[in-house]
Structure formats: structure tokens, C-alpha cells
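Contents: one structure, followed by commentary.
Scope of the values below: all heavy atoms of this structure, side chains included, with no hydrogens, waters or symmetry mates. Here the structure is a predicted model, which means the values were calculated and not measured. First listed ligand is number 1; within each ligand, the first listed atom is number 1.
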Amino acid sequence: MTYAVTDNCIACKYTDCVDVCPVDCFYEGENMLVIDPSECIDCGVCEPECPADAIVADTDPNAEKWVALNTKYAAVWPVILSSKDPLPDADDHDGTPNKLETLFSEAPAEQD
Ligand code: SF4
Ligand code: F3S
């Protein structure tokens, strides 16, 4: 069992989720976070923290492809341990459809 970050995180990256995770299993891309399913303890506390409603349990009907995407990028992106400012146009992109096809970046976050 795990949770996964989905489409609406892309180009928003509010990062409120990071501060509540007890096992630090969020990983940071240029414009999205993902969860490492092998580390997530399925506690669920991050899900209500996301202003973009981008986090789902793997019991969600649409979760399968997102768990796969989270697994893939958690292996190559750096861990993020505390929240930071959202992306500059986060509020404009909250709710934009089909972000995976149009806005997603495979690049890792730049290291501070
Ligand atoms: Fe972290 Fe819990 Fe969210 Fe999993 S469900 S990513 S352990 S806060
Ligand atoms: Fe993304 Fe929501 Fe966390 S927008 S960075 S999953 S708070």
C-alpha cells in the first residue's frame, strides 16, 4: 500500500506535503514531487495537506499509472526534506487538464 502524487502537482509543487511525511519519502523533480512507494508507510497524512488535491491512495481507480510514475522518478530525483515556495505560476496551473502531456518535466530539481 502506498500513496502517489498525481497530475495536478505538475507546475504547482506547493510542497506542503513534505513537512508532514514521517518517513521523508518525497522526491523532487523540476516541476513535480513524487512519493517512493517502497518507503511510504501508507499513513495518509500528506493527502489532505495538498492544496491541489494531487495525492491519492493506491486504491484510487486512476492510481496505477501514477504509482508507476512515482516509482520511476523517486529512483532518480533527489529527496526533499522540507517545504519551499510553490512554483511561480502555481495558482494559475492548479486545475489545468492533461498536465502530464503538456507540462511535465523529467528533469530533477536543481540542488540548493
Ligand atoms: Fe509520507 Fe504518509 Fe504520505 Fe506516505 S502517506 S508519502 S508515509 S505522509
Ligand atoms: Fe505537489 Fe501537492 Fe505536494 S502540489 S508538492 S503534492 S502539496
Around [atom], find the nearest protein heavy atom and jot down its residue, atom name and distance.
atom	value
atom 1 (Fe) of ligand 2	C9 SG, 2.4 Å
atom 1 (Fe) of ligand 1	C21 SG, 2.4 Å
atom 5 (S) of ligand 1	G44 N, 3.2 Å
atom 2 (Fe) of ligand 1	C43 SG, 2.2 Å
atom 7 (S) of ligand 1	I41 N, 3.4 Å
atom 3 (Fe) of ligand 1	C46 SG, 2.2 Å

Considering the options N31, T6, N8, which one meets the side chain to side chain donor-acceptor pair (under 3.5 Å) requirement together with K99? N8
Is the distance from atom 3 (Fe) of ligand 2 to some N, O or S atom of C17 under 2.8 Å? yes
Judged by non-hydrogen atoms, does C17 sit under 4.0 Å from ligand 1? no
Do V56 and N62 pass the side-chain contact (heavy atoms from CB on, under 4.5 Å) test, and can you show the C-alpha distance, the side-chain angles, and the key distance before you say yes or no? CA-CA 9 Å; V56 300; N62 300 316; over 6 Å; no
Do you see a donor-acceptor pair shorter than 3.5 Å between the side chains of D19 and S83? yes
Show me which atoms of ligand 1 lie under 4.0 Å from any heavy atom of [X].
X	result
V45	8 (S)
V23	7 (S)
F26	6 (S)
P22	8 (S)

Is there a side-chain contact (heavy atoms from CB on, under 4.5 Å) between F26 and I35? Walk through the geometry before answering. CA-CA 5 Å; F26 281 92; I35 292 166; 3.3 Å; yes
If we only count heavy atoms from C-beta on, is the [X] to [Y] side-chain gap below 4.5 Å?
X	Y	result
Y3	D42	yes
T59	M1	yes
T2	T71	no
C46	C21	no
D91	Y14	yes
L87	H93	no
D94	P51	no

Within C40, is some N, O or S atom less than 2.8 Å away from atom 4 (Fe) of ligand 1? yes
Those atoms of ligand 2 less than 4.0 Å from some heavy atom in [X]:
X	value
C50	2 (Fe), 4 (S), 6 (S), 7 (S)
T15	3 (Fe), 5 (S), 7 (S)
D16	7 (S)
L33	5 (S)
I55	6 (S)

Just to verify, which of V5, I55, V34, D7 counts as forming a side-chain contact (heavy atoms from CB on, under 4.5 Å) with W66?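 It is D7; the other options fail the test.
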K13 to ligand 2, any heavy atom closer than 4.0 Å: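 The answer is yes: ligand 2 sits under 4.0 Å from a heavy atom of K13.
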At a non-hydrogen distance cut-off of under 4.0 Å, which region of I35 contacts ligand 1 (side chain, backbone, both, or neither)?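 Side chain only.
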Taking 4.0 Å as the limit for heavy-atom contacts, which would you say applies to C25 with ligand 1: side chain only, backbone only, both, or neither?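 It is the side chain that gets close, since no backbone atom is under 4.0 Å.
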Could you go step by step and tell me if V18 and E49 meet the side-chain contact (heavy atoms from CB on, under 4.5 Å) rule? CA-CA 9 Å; V18 175; E49 296 297 320; over 6 Å; no
